[in-house]
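Step one of this worksheet: look at the structure below.
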Amino acid sequence: MPLRIEDTFRSALAAQKGKAGRPLAGMWVCSGSPLIAELCAGSGLDWLLVDAEHSPNGLESILAQLQAIHGHPVHTLVRPPVNDTVVIKQYLDLGVQNLLIPMVNSVAEAEAAVAATRYPPHGVRGVGSALARAARWNRVPDYLARASETISVTVQIESTAAVDAVGDILKVEGVDAVFVGPSDLAASMGLLGQQEEPEVRAAVEHCLTAAKTAGKPAGVNAFNPDTARHYLDHGADFILVGADVALLARGSEALAAQYIPQPVVEPVETKPRASY
């Protein structure tokens, strides 16, 4: 029975822009749990990012989360741990349609990411559609000919080198959007853990402006509501504003603080050291 592939994140961004609509708001899904992914998928947010770079996600857990999310009115991006042809091939064959590729610092790395998502002669993706969920085991008509239409590629700008090259990266055919990661960007600027610093904000704003000039969407990670609003006001087309694990951590801490008496820490007296 012929099956239809879902619309891509590229299409969602284009639709929002065509309607002069609002930016798309999303959250990280890092727990590795299909149940948590399904819970988040029904939240009313526009998109989810299932992360495998800094989270305990392998092929099996990603597959289970894709299945749990499927059918909910939300777009799902998946971030592999590395910009690698083999890893990307495996993700695509699982049925991942929207990729966020980390640590893309140059035109060459952006071109490699795109090539990994295209079958020859336009790329280097290995052919295994008859065995893969992506083509629903050859139940999707003309999948091989139309595969690139079912995939979106967003590359992550998260270093000073990437910021310097962002204009050229945006020109790479097949790069549908860029996403700025202020945490790693701050670290690359010698400002580890200081992503709110003016120099970091200025670099993010530079990327947002470059994307507008290129006519491509740009997104950014911003958990701080004031920072998120700042980047939205500066033209961010999509944004990540929270994470499942962070919400659970802060929520459980709040419960503990509300119901469990906190120990009183008595000051410790220090005796003067004897001099010899």
Could you check whether any side-chain N or O of [X] sits under 3.5 Å from a backbone N or O of [Y], counting only pairs where one atom can act as donor and the other as acceptor?
X	Y	answer
E158	L185	no
R136	R133	yes
N57	D51	yes
D142	A145	no
H234	H230	yes
D244	S31	yes
S55	A52	no
K216	V178	no
S188	T160	yes
R10	E149	yes

Can [Y] be reached from [X] by stepping across I, L, V, M, F, W or Y side chains whose heavy atoms are under 4.5 Å apart?
X	Y	result
V180	V153	yes
V114	L170	yes
W28	I157	no
I239	V200	yes
V82	V50	yes

For [X] against [Y], the heavy-atom pair lying closest together:
X	Y	answer
F179	L240	CZ-CD1, 3.6 Å
M103	E109	O-OE1, 3.3 Å
R125	P120	O-CD, 3.5 Å
N83	A112	OD1-C, 4.4 Å
V29	C40	CG2-CB, 4.3 Å
P80	L99	CD-CD2, 4.3 Å

Distance from [X] atom [atom1] to [Y] atom [atom2], nearest 0.5 Å?
X	Y	atom1	atom2	result
H75	D7	NE2	CG	6.5 Å
I169	K171	CD1	NZ	11.5 Å
L100	L77	CG	CG	6.0 Å
S183	Q194	OG	CD	11.5 Å
I62	Q67	CD1	CD	12.0 Å
Q90	L59	CD	CG	5.0 Å

When you look at R22 and D46, which way does the salt bridge (charged side-chain N to carboxylate O under 4.0 Å, His left out) test go after all the steps? CA-CA 11 Å; R22 58 171 177 75; D46 299 303; 2.6 Å; yes
Does the pair Q65 and E38 meet the rule for a side-chain contact (heavy atoms from CB on, under 4.5 Å), with working shown? CA-CA 7 Å; Q65 288 171 88; E38 184 177 14; over 6 Å; no
Decide side-chain contact (heavy atoms from CB on, under 4.5 Å) for V172 and V155; before the verdict, give the C-alpha distance in whole Å, the side-chain angles of both, and the deciding distance to 0.1 Å. CA-CA 11 Å; V172 174; V155 300; over 6 Å; no
Quick one, N224 with E196, criterion side-chain contact (heavy atoms from CB on, under 4.5 Å). Give me CA distance, side-chain angles, the key distance, then yes/no. CA-CA 9 Å; N224 182 308; E196 304 288 345; 3.7 Å; yes
Cut-off 3.5 Å, side chains only: do T8 and N98 have a donor facing an acceptor? no
When you check the side-chain N and O atoms of D176 and S152, is any donor under 3.5 Å from an acceptor? no
Given side-chain contact (heavy atoms from CB on, under 4.5 Å), test T154 with F238 step by step and report yes or no. CA-CA 11 Å; T154 301; F238 57 108; 4.2 Å; yes
Over 60° means perpendicular and under 30° means parallel, so tell me whether W47 and F9 are parallel, tilted or perpendicular. tilted
Step by step, work out the side-chain hydrogen bond (donor to acceptor under 3.5 Å, both in side chains) result for Q195 and R201. CA-CA 7 Å; Q195 52 265 35; R201 285 195 174 199; over 6 Å; no
Could you identify which residues cluster with L35, counting Ile, Leu, Val, Met, Phe, Trp and Tyr as linked when any side-chain heavy atoms lie under 4.5 Å apart, either directly or through a chain of such contacts? none
